[in-house]
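In each ligand, atom 1 is the first atom listed, and ligand 1 is the first ligand listed.
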Amino acid sequence: MSSLSGALTEIVARVFGELGLPAEYGRVTISNRPDLGQFQCNGALAAAKAAKQNPRVIAEQVMAKLQSLPQLRDISLAGPGFINLSLSDAALSEYANKMAADARLSVTRRRPEMVVLDYGGANIAKAMHVGHLRAAIIGDALRRIFGFAGDETVGDVHMGDWGLQMGMLISEIEIRQPHLPYFDRGFKGPYPNHSPVTVTELEEIYPTANAACKADPARMERARQATAELQQGRPGYRALWQHFFDISVEVLKRDYGALGVHFDLWKGEAHVDPLIGPMVEKMKGMGLAEEDQGALIVRVAQPDDKKEIPPLILVKRDGAAMYSTTDLATIVDRVHEQNPDLILYIVDQRQHLHFEQVFRAAVMAGLNGKAKMEHLGFGTMNGPDGKPFKTREGGVMRLQDLIAMMTGAALDRLKEQGLASDYEEAERQEIARKVGLAALKFADLSNHRVANYVFDLDRFVRFEGKTGPYLLYAAVRIKSILRKAEAQGDRVGKPGAILPPEPGERDLILALGALPDAIQAAYDERAPNKIADYAYGLAQTFSTYYNQFHILSEQNEALRRSRLELAALTLRALELSLSLLGIKVPERM
Ligand code: ARG
């Protein structure tokens, strides 16, 4: 089973086929003129063009065949050959009952593919910034969407742990604490079990080292040298690096965890270091990697390029691996480990050229196995000044602080609305945390990922408008209705209880029947905002419905049961949509 428009497409496509016309012209979509019909099919125009016939004549032939179907009512012709159709009320209730009986809410499962998603990218020792936050929110949503659609998914955090920032850190610590065993070339080990620095110290050391390197070429050279020696395997540096890695992962796990973002793999760039040597040899052997002023480069430009695509630098003059090199080796690793059909990179749009170069080089060298590779770029979250979001002091906002800020704002709003006021403190805090996270995630995911948007805390935590809190409230309100129903002896979950809708009720079933379309669109376009839009529309439709129809107080038992089933189905569609966005709904507010 699929969406309502999908079910109708099957019917109309069959009719096109019977008339000897290509079935793909039978596509039915939700009408953009609901006053004329619930759905429309514009295929007669295209079919007529192909067959060199009058579109109205074709449309009439199609309509004549549709006329006899009991599922349909109000079939009409408009303009040059548009067909408007509406479903009978019996067909609507039949659909809703089937949807209610299906654990997957009529969303068909696709033939599974293996999909690796790369949406972490936080860098060791550098504080996570809002770009990493967006990657995490969007990537985690895509992982959930692909997984629900039926794919096998693997989320990889792919930490930045192998670049120049490592050499900057190591050389800075060497300057500050030269006597540590990590710097003694004659040291026979074993190295200490505990890191000589904490994560908090690293977060201070890195900016200091970075500034010093920028200001002084000799200092920068020292950092470069340390990076190269680290990558070549100098034992003391490796041991120190391992400390950085371990203490950073611990903090990152906590931070991503607080955000409700999950990764299956905690690998980083360094993990693929052993694969770089053989890969570079292979690319040299193929004649793809060429020597250029002491560096090794891969020319990835193609004759029909619209803009210049510079060569990819595989190995720098000093022997150090580059960002592109580790990304290429990571493809080798993924092909070896997961053999994916698809690799999705959820990374800042500004890295588009980087991925273009990497993908081209991977294909040229045949590194990607059967995997298609896609860069799913995203825009920036900006402050009110239109520049990437910073704290009031001008620094990067720590994730922890951001979450605390969202929770605090959510608490204020709950208080204003008189919500959760008489609950225990612990539950109120838990609700506020959920509301705050929903506000943050929904604000992000309701934009198309490539769009920039402005961080507007006040608007994000509002309970009115297209916000996370509004949707949580809508879901919680239905939960409360269902609890009351249960208390008065009305249990939901009875098969076939949904009656043919009254006119004002049709919109709700139509909205429910569009759930599979929204998930499909989000999947096809890699665009979680399709689900965010859907959830918002459904919540609004339910709200209108609830204002118009009595549910709990309806005296007629069959009607009451039917409406309760619709409410319960709406809740399931809402909760599924929100869960695909990584948003959790509290039991009550
Ligand atoms: N660490 C990188 C950064 O902070 C992001 C990594 C994204 N993933 C990748 N496979 N390149 O910019």
Looking at Tyr237, Phe244, Trp241, which hits ring pair (Phe, Tyr, Trp, His ring centres under 6.0 Å) with Trp162?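 For Trp162, the ring pair (Phe, Tyr, Trp, His ring centres under 6.0 Å) test succeeds with only one of Tyr237, Phe244, Trp241, which is Trp241.
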
Picking from Phe263, Phe146, Tyr345, Phe378, what satisfies ring pair (Phe, Tyr, Trp, His ring centres under 6.0 Å) with Tyr119?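 Output: one option passes, namely Phe263.
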
In ligand 1, which numbered atoms sit nearer than 4.0 Å to a non-hydrogen atom of [X]?
X	answer
Tyr345	10 (N)
His132	3 (C), 4 (O)
Asn123	1 (N), 2 (C), 3 (C), 4 (O)

Atom pair CE (Met166) and CD (Glu269), whose distance is rounded to the nearest 0.5 Å: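 Rounded to the nearest 0.5 Å, the CE-CD separation comes out at 8.5 Å.
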
Output the distance between atom CG (Leu471) and atom OG (Ser577), rounded to the nearest 0.5 Å.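 Separation between the atoms: 9.0 Å.
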
Is there a nitrogen or oxygen of [X] sitting under 3.5 Å from a nitrogen or oxygen of ligand 1?
X	answer
Asp118	yes
Gly121	yes
His354	no

Gln351 touching ligand 1 at heavy-atom level, < 4.0 angstrom: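 Gln351 counts as a contact of ligand 1 under the 4.0 Å cut-off.
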
What do you reckon, does Tyr323 put a non-hydrogen atom under 4.0 Å from ligand 1?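 In this structure, Tyr323 qualifies as a contact of ligand 1 - some heavy atom is under 4.0 Å.
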
Which protein non-hydrogen atom lies closest to atom 10 (N) of ligand 1, naming both residue and atom, and how far is it?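 The closest one turns out to be Asp327 OD1, 2.7 Å.
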
Please determine whether the number of non-hydrogen atoms from other residues, nucleotides or ligands lying under 6.0 Å from atom CD of Gln242 exceeds 12.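 Result for CD/Gln242: enclosed.
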
Count the heavy atoms of every other residue, nucleotide or ligand shown that sit under 6.0 Å from CD of Glu221, and state whether that count exceeds 12.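 More than 12 heavy atoms, drawn from other residues, nucleotides or ligands, come within 6.0 Å of this atom.
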
Is a donor from one side chain sitting under 3.5 angstrom from an acceptor on the other, for Thr153 and Asp151?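 Thr153 vs Asp151: no donor-acceptor pair found between side chains.
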
Check Phe355 against ligand 1 and report side chain, backbone, both or neither, counting heavy atoms closer than 4.0 Å.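 Looking at Phe355 and ligand 1, just side chain atoms fall under 4.0 Å.
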
